[in-house]
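Quantities reported herein were computed from a predicted structural model and do not represent experimental measurements.
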Amino acid sequence: MLKAAVLLAAFMTLPACQFTAGQVLESPRSQLELRSMQTRAFDSTDRERTLRAIVATLQDLDFVIFHADYALGSVSGTKRDRDKAQMTVSIHPRGTTQLLVRANARMSAGPVVEPEPYQRFFTALSSSMFLEAHGVD
């Protein structure tokens with residue numbers, strides 16, 4: 001029993017991770033609100049075209065792509081600014097006619113919980129997907 005208590009005390013004194021569960025709980029937004037800001041459904045089942053649009057959108061927003069996995073449907077990029085912004089975007093099928101796109105943004109200070117960066121991303125992505133669907137370069 002003493003051994004378990006010592007181990008527990010040792011783990012409690014270790015430095016915390018950069019992002020802790022407490023940060024989520026302290027967020028002014030609920031998980032449901034945050035997820036609704038981060039997620040949009042698109043009327044498409046073309047994963048490859050959607051992922052290409054995501055890559056192009058992130059690049060248009062000055063992100064440098066450092067990871068793209070078409071098999072998993074995930075793209076990550078970072079900005080070279082003072083805030084060290086990062087965004088990871090993933091896609092998942094929703095039914096037989098839609099794809100769900102979820103963006104997760106972080107700054108050096110922690111997760112982004114304000115709607116503006118997500119709105120900016122999804123507005124640009126919607127435009128990109130519309131133009132690509134209509135053959136406009």
Checklist entry - Considering all heavy atoms of both residues, which atom of S74 and which atom of L51 are nearest to each other, and what is their separation? => result N-CD2, 4.2 Å
Checklist entry - How long is the span from the CE atom in M107 to the CE atom in M87, to the nearest 0.5 Å? => result 9.0 Å
Next on the checklist: Please report the interatomic distance CG(L99) to OG(S90), rounded to the nearest 0.5 Å.
Outcome noted: 11.0 Å
Scan the side chains in residues 53-69 for donor-acceptor partners under 3.5 Å anywhere in the protein, sequence neighbours excluded, and list what turns up.
unit_1: T57; atom_1: OG1; unit_2: A53; atom_2: O; d: 2.7
unit_1: D69; atom_1: OD1; unit_2: A71; atom_2: N; d: 3.0
unit_1: D69; atom_1: OD1; unit_2: L72; atom_2: N; d: 3.0

Item to check | Summary of salt bridge (Lys or Arg N to Asp or Glu O under 4.0 Å) pairs that have at least one residue in residues 123-135, sequence neighbours excluded | outcome: R49-E132, R52-E132
Checklist outcome for this item: Sequence neighbours excluded, the answer for side chain to side chain donor-acceptor pair (under 3.5 Å) partners of S76 is T88
Item to check | R94 side-chain N/O to A41 backbone N/O, donor-acceptor pair under 3.5 Å | outcome: no
Next on the checklist: Any non-hydrogen side-chain atom of R102 less than 4.5 Å from a side-chain atom of R35?
Outcome noted: yes
Cut-off 3.5 Å, no hydrogens considered: what does the side-chain donor-acceptor table look like for residues 118-131, sequence neighbours left out?
unit_1: Y118; atom_1: OH; unit_2: Q38; atom_2: NE2; d: 3.3
unit_1: Y118; atom_1: OH; unit_2: A105; atom_2: N; d: 3.2
unit_1: Y118; atom_1: OH; unit_2: V112; atom_2: O; d: 2.9
unit_1: T123; atom_1: OG1; unit_2: Q119; atom_2: O; d: 2.8
unit_1: S126; atom_1: OG; unit_2: F122; atom_2: O; d: 2.9
unit_1: S127; atom_1: OG; unit_2: T123; atom_2: O; d: 3.2

Checklist entry - Step by step, would you call T45 with T96 a side chain to side chain contact (heavy atoms under 4.5 Å, CB included)? => result CA-CA 7 Å; T45 57; T96 58; over 6 Å; no
Item to check | Pairing residues for D81 by the side-chain contact (heavy atoms from CB on, under 4.5 Å) criterion, not counting sequence neighbours | outcome: K79, D83, A85
Checklist entry - What do the steps show when you test T39 against V101 for side chain to side chain contact (heavy atoms under 4.5 Å, CB included), and what is the final call? => result CA-CA 6 Å; T39 309; V101 177; over 6 Å; no
